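Input: a single structure, listed below in structure tokens.
Letters A, B, ... mirror the listed sequences (proteins, then strands); counts begin at 1. When reading the values below, keep in mind they use all heavy atoms of this one structure, side chains included, and skip hydrogens, waters and symmetry mates. Predicted model only: the values in this text are computed from it and were never measured.
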There are 2 protein chains.
Amino acid sequence: MSVPELNARSAAVLDTIVERYILTGEPVGSGTIARLLDESVSPATVRNVMAELERLGYLEQPHTSAGRMPTRRGYRQYVTGLPVRGLMSDDDARNLRSQIAPDPIEMDELLRRTCHVLADLSELVAVVAAPPLSDTAFRHVDFVALEGNRVLAIVVSRAGQVKKRAVVLSEPMTQDQLDQAAAYLVRRFAGRSLREVTLRIQELLTGAGERLEVFERQAIALGATSITGDLDESEVLVEGSSRLLAAPDVETMGDLRTVFEVIEERRLLALALRAEESSDGPRVVIGCEPLPTGLEHCALVSASYGHLDGPHGTVAVLGPTRLQYARTIALVDAIASATTAALVRLTR
Amino acid sequence: MSVPELNARSAAVLDTIVERYILTGEPVGSGTIARLLDESVSPATVRNVMAELERLGYLEQPHTSAGRMPTRRGYRQYVTGLPVRGLMSDDDARNLRSQIAPDPIEMDELLRRTCHVLADLSELVAVVAAPPLSDTAFRHVDFVALEGNRVLAIVVSRAGQVKKRAVVLSEPMTQDQLDQAAAYLVRRFAGRSLREVTLRIQELLTGAGERLEVFERQAIALGATSITGDLDESEVLVEGSSRLLAAPDVETMGDLRTVFEVIEERRLLALALRAEESSDGPRVVIGCEPLPTGLEHCALVSASYGHLDGPHGTVAVLGPTRLQYARTIALVDAIASATTAALVRLTR
DNA sequence: ACTTAGCACTCTCCCCCTGGGAGTGCTAAC
DNA sequence: GTTAGCACTCCCAGGGGGAGAGTGCTAAGT
């Protein structure tokens, strides 16, 4: 994008307007800004700058004789000007870590806590996408015979995630046979990522490359129906959605109903988070861009946790565009770090 | 309660007012009712009846010269006058059953589907409380060694529910030892309800009544920390909460924020449902009575599924007091039956 | 004794108007 | 390039005023 650089004063005016607007929720006039700015300028000068900023698309007016409020682009500019890291004291960060993972637990619990703490501290909607199973190593599988020809397959990942699925066998198997099959699969595949396991199993099933014992073949087939599939759907935790209703600027969020629908439809959220995934620092999305329809008037502050070559996911805060960016970015960043640390301890 | 019986005409007037109010959401005047009633009466007569109904606490006026609207008591009376069963055609019921459980699956999936279908058809918030684990029979347990001294305990109930918990051992155990312990526990306790198992384990731990091998003692101890505990917390599924925002009478629901908080705080919902539990037909709660604070302006239509001597839980619809009771009651009742049927097939 | 027509009364809601205030853009002077 | 001055625009809150819906009461009818 060929966005013209703003000179220092214009940027200062824009920042002040954004901050003021976030604070009060009302269009900001030239007088207010002139008073708030460090350097002393007259309202008239500010007006000139504002007119310029409006021409450039950073500001808009609800009507002719009202103050200005930031556009999406205005927010964007403001946010990119914010310092990214180190906004949180070491003490606070440590504190956070102990709140999230006071002692070694399992991954689900860890993520629940992460989500809870994030919702609590951000006072907004916290969203946590669990690592998709395909990224984590296969640790264990267990088959439990149910009534009929049904079998409950329970897959455990290295990090202690558990996935279960009921499958129907074409012909009955005894619990002994099931145990053998499970043991075989564990022996053969433990330690590899579930994505790899899936791949290997597919190969073994189609290519007749290898000579397999009968029971091995059976085990592989069982693994195919139970381990394989929807590994990429990562669970999404949400907490604090009721906060949206108490936000001082509910009206600005557009149709609340659709916002809640998106939140409820976890898949959409998961996609939005996935799209944002990357290894470094916190990210901010304002308005629709990569967000699903319905969130046009929301902002999403997200950061990834974990390591790209291991299990990793995303934590995020969803709120109105009028949110306290500096604070929230620092928080999300710190939470992501804390979660990463806890995750490492879990899989160590 | 010594509620005076209403004579036929008073009851008819009340019913008409309630139905009209549910339809339009506006206070109903005597003229409307006079027109709507089967027997032809004049508005003046209706006014007399209405004044009487107001004195008895069934109706209220928002202000002197507006129509009447039902009070909680008015709704209550209206609902008790509704037929309870057989409001849904057999065809619809069958249809429902096939939507919920097209083929044998596992319990969680069954309940998710139940919740989904209920939300879909009621166009309101569907709430499903899963059977607490303590009611279901113990089928299987599996211990998976994690890093450190942590062990992941996975408990499977007869119906195929899975519960996991990470526990920390005071001293390390090999996977072999863990497998032995699990096998021992299964051998010894499979088939009993988890409540019983918990009890037995407690006995064995405290009373030195029985001579136990070392590894048995170890297994029991492991079982105590992993099987025992929070069995009574039943998971609660919720779907469709965004519907509340689209309800034509959002305002009447009081503070939406607190309503959503209660919904988000599943424990509160679980308690409310548990309080209502009983074996027979659908139940309706209007306003606070046994509902948690915040739901003063909501109605809850619930019914139990399953059998009291086996796994059982509750399905419910949460909505504004102004909901279509007849339809909703029939639906909830039918869903509960369908779920019961599916559950029986699952554990057969 | 119950029902009903008639009537005065009450209260809300909506529309219109108006004045005040906040903020703007422009122009001209610094 | 900055600023004071000024006319202009537009929203918003507050104050009638009239229409409409619905009531309670009274008195007459069955």
Quiz item: Do A/F260 and B/F260 have ring centres separated by under 6.0 Å?
Solution: yes
Quiz item: Do the side chains of A/R20 and A/L36 get nearer than 4.5 Å, heavy atoms only?
Solution: yes
Quiz item: Does a salt bridge link A/E54 with A/R68, judged by any charged N lying under 4.0 Å from a carboxylate O?
Solution: yes
Quiz item: Taking DNA chain D as the partner, which of residues 42-50 of chain A come within under 4.0 angstrom of it by heavy atom?
Solution: A/S42, A/A44, A/T45, A/R47, A/N48
Self-check item: Range on DNA chain D touched by chain B - first to last nucleotide, heavy-atom distance under 4.0 Å
Solution: D/dA21 to D/dG24
Quiz item: Which whole-number value in Å describes the distance from B/L37 CG to C/dT4 P?
Solution: 11 Å
Self-check item: side-chain contact (heavy atoms from CB on, under 4.5 Å) partner of B/P70, the single match among B/V18, B/I286, B/D15
Solution: B/V18
Quiz item: With respect to B/V315, which candidate in B/L118, B/V117, B/V127, B/V301 satisfies the side-chain contact (heavy atoms from CB on, under 4.5 Å) definition?
Solution: B/L118
Quiz item: To the nearest 0.5 Å, what is the distance between NE2 (B/H297) and OG1 (B/T321)?
Solution: 8.0 Å
Practice problem: Would you kindly say whether A/N48 and A/T45 are connected by a side-chain donor-acceptor distance under 3.5 Å? | Solution: no
Quiz prompt | Side chain proximity check, B/L124 to B/P320, heavy atoms < 4.5 angstrom | solution = yes
